[in-house]
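Reading through the structure tokens given below for one structure.
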Number of protein chains: 2
Amino acid sequence: MPRTSDARERLIASALELIYQRSYAEVGVQSLCERAGVKKGNFYYYFDSKQDLLVQALEMRSQELRRMLAPVFDKDVPASSRIETMFKQIYFDQKSYKNKTGQVRGCLFGNLALELSTRDERIRKRVDAIMQALMELVEETLKELIRTGELPEIDTTASAQAVVAFLEGVILFAKLRNDPELILTLAKVAKSITLAHHEQSQSFEDIV
Amino acid sequence: MPRTSDARERLIASALELIYQRSYAEVGVQSLCERAGVKKGNFYYYFDSKQDLLVQALEMRSQELRRMLAPVFDKDVPASSRIETMFKQIYFDQKSYKNKTGQVRGCLFGNLALELSTRDERIRKRVDAIMQALMELVEETLKELIRTGELPEIDTTASAQAVVAFLEGVILFAKLRNDPELILTLAKVAKSITLAHHEQSQSFEDIV
DNA sequence: ACTATAGTTGACCGGTCGGTATATGTCAAT
DNA sequence: ATTGACATATACCGACCGGTCAACTATAGT
């Protein structure tokens, strides 16, 4: 039997929209249903719980992220500009949302990481896995730069971690200031992060 | 007439504890009162609203932060090691909390920045101001390093911004992984961030 | 001892929370 | 035409939400 209802999809879309803009705790099942045009009793036909909906919405959104980042980390874009391009891509994303709604909503995964990491182990693990996947894209890029001699032999895992942490921090500030331009301003700093690890406990003079 | 009750202080302490560990939306006035040993009706004798309590708690916590960071940014610690020392200090803070409770709680201001920036303008402004103050400590450090020739002439405002953004990103990951060691690992990357801005649109080779 | 005020209390408000139970409507394959 | 899965709807649960209020008690300063 074919699916004949898109209520599930509408609920996931509503969850993505509302939880992204507000927060998980602040968005009730009721408002989710209202936005999706679904009666509350019907909600639990499609999802075991509010948490279950979030898990499935997270899956959807992580695929969106993958799709958005695919051209950025594609083989035909030079490795040396991928990370900066990623920052720019995220900048455009945040900016277009601000143009629509007046608000910078930040990174859904970052938002949920801080809201739910200490409260919901299942969500924590999913968000962690998504971040891990992003880090692997960055790490692959770094490895390629080492292969081509554009980067020295550094700890690619730690450096990729640092780049993604910086990205999340930058997005946090963009949300706090409600100013997407900040992402663009700080994007160029990102590449310097990759150079830190092989310098160990060097003083500033040694680097300069 | 002198103050004869510490209920206000107990409520603020409870708010700091509970909101830090859970989130603003998830912690109700009721649970706040239970922890502080105060009846709910009494809560509104001391605070206009739950939001009002958070504002005042934020004030308290920002003073704690200032006190915690004062020795780090003191004149008798060399400017070249202040930023790294700040990371270490925050590492110890997060680690001691994890030893007590089993959880990395992250940065209260970062948590609230992501949870409430789009929802509560008053809180947003307060958190922004606190972040700004931290950035100024970092910026003063950078200026001193330039004065002593340990750093080239860079855009200190943007670099300080980048350092604090990185810090917040690192803390976010520590919370997501529930692993404070991450802060220590990534601390050494911080200094390289300050070197990025005067490199403009340089390629990786130019830096290496 | 009195009194003004600081502090406390419990009952109550309308509304929402996540979740459940159950009856019914819809449609395709047999 | 009947079956059975898909799908929707209504009504309800106890608990909790942030917030209000009038009545009360405890105490410090006189």
Side-chain angles (χ1 to χ4, degrees), chain A residues 1-58 111-112 115-116 118-124 126, chain B residues 1-58 111-112 115-116 118-124 126:
Chain A
M1 272 204 192
R3 286 198 52 80
T4 56
S5 168
D6 59 347
R8 200 188 90 100
E9 285 69 24
R10 277 183 284 127
L11 280 167
I12 287 178
S14 299
L16 252 16
E17 193 62 34
L18 290 178
I19 294 174
Y20 205 165
Q21 199 211 333
R22 310 220 245 275
S23 71
Y24 180 69
E26 205 175 327
V27 176
V29 174
Q30 198 160 290
S31 54
L32 252 7
C33 290
E34 273 162 23
R35 169 176 260 263
V38 170
K39 295 292 155 114
K40 198 177 161 192
N42 202 8
F43 178 95
Y44 290 92
Y45 174 75
Y46 290 102
F47 303 99
D48 293 339
S49 64
K50 185 184 164 190
Q51 186 214 40
D52 183 41
L53 167 62
L54 178 57
V55 170
Q56 297 193 40
L58 232 32
N111 297 349
L112 293 172
E115 186 186 355
L116 297 176
T118 60
R119 305 296 297 160
D120 190 318
E121 178 66 10
R122 196 172 159 212
I123 302 295
R124 206 213 97 241
R126 279 305 303 140
Chain B
M1 274 209 189
R3 287 195 50 80
T4 58
S5 168
D6 62 344
R8 200 187 89 99
E9 285 70 25
R10 276 182 286 129
L11 280 166
I12 287 178
S14 298
L16 253 15
E17 193 62 34
L18 290 179
I19 294 174
Y20 205 164
Q21 199 210 333
R22 311 220 246 273
S23 71
Y24 179 70
E26 203 175 327
V27 175
V29 173
Q30 198 162 288
S31 54
L32 251 6
C33 289
E34 273 162 22
R35 169 174 260 263
V38 168
K39 293 290 169 356
K40 197 177 160 192
N42 202 8
F43 178 96
Y44 291 92
Y45 175 73
Y46 290 103
F47 303 100
D48 292 341
S49 63
K50 185 184 166 191
Q51 184 214 41
D52 183 40
L53 167 62
L54 178 57
V55 171
Q56 296 193 40
L58 232 31
N111 297 349
L112 294 172
E115 186 187 355
L116 297 175
T118 60
R119 305 295 297 159
D120 189 319
E121 178 65 9
R122 196 173 159 212
I123 302 294
R124 206 213 97 240
R126 279 304 303 141

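None of these values were measured; they are calculated from a predicted model. Each chain gets a letter, A, B and so on, in the order its sequence line appears, and its residues count up from 1.
Two residues, B/Lys39 and A/Val29, neighbour DNA chain C, and the one matched to the more 5' nucleotide by heavy-atom proximity is B/Lys39. For A/Asp48 and A/Glu26, each mapped to the nucleotide of DNA chain C holding its nearest heavy atom, the one lying further toward the 5' end belongs to A/Glu26.
Taking only side-chain nitrogens and oxygens, B/Tyr45 never comes nearer than 4.0 Å to OP1 or OP2 of D/dC21. Dashed line: the shortest gap from a side-chain N or O of B/Tyr44 to OP1 or OP2 of D/dT20 is not under 4.0 Å. Considering only side-chain N and O atoms, A/Tyr46 lies nowhere under 4.0 angstrom from the phosphate OP1 or OP2 of D/dC6. For D/dC6, the OP1/OP2 oxygens have no side-chain nitrogen or oxygen of A/Ser5 closer than 4.0 Å.
Between B/Arg10 atom CZ and C/dG7 atom P there is a gap of 11 Å when expressed in whole angstrom units. Rounded to an integer number of Å, the gap from B/Asp52 CG to D/dG19 P is 10 Å. Rounded to whole Å, atom P of D/dA9 lies 14 Å from atom CD of A/Glu34. To the nearest angstrom, C1' of D/dA7 lies 13 Å from CG of A/Leu11. Between the CD atom of A/Gln30 and the P atom of D/dA9 there is a distance of 15 Å, rounded to whole Å. C/dG18 atom C1' lies 9 Å from atom CZ of A/Phe43, rounded to whole Å. For B/Ile19 and D/dG18, the CD1 to P distance is 10 Å, given to the nearest whole Å. With rounding to whole Å, A/Lys40 atom NZ is found 22 Å from D/dA7 atom P.
Looking at A/Glu115, its side chain never comes within 3.5 Å of a backbone N or O of A/Ser23 through a donor-acceptor pair. Here the side chain of B/Tyr20 pairs no donor or acceptor atom with the backbone of B/Asn111 at under 3.5 angstrom.
A/Arg8 has its side chain out of reach of A/Val38: every pair of non-hydrogen atoms, C-beta onward, lies at least 4.5 Å apart. Within the 4.5 Å cutoff, no side-chain heavy atoms of B/Asp120 are placed close to those of B/Arg124.
In this structure, CD on B/Glu26 lies 9.5 Å from CD on B/Gln21, to the nearest 0.5 angstrom.
Which of C/dA6, D/dG19, D/dT8 sits closest to the side chain of A/Asn42 comes down to D/dT8.
Residue-level contact check: B/Gly28 touches the backbone only, with heavy atoms under 4.0 Å from sugar-phosphate atoms and none from bases.
Counting distance only, with no hydrogens placed and no angle test, the side-chain atoms of A/Lys50 and the base atoms of C/dG19 include no donor-acceptor pair under 3.5 Å.
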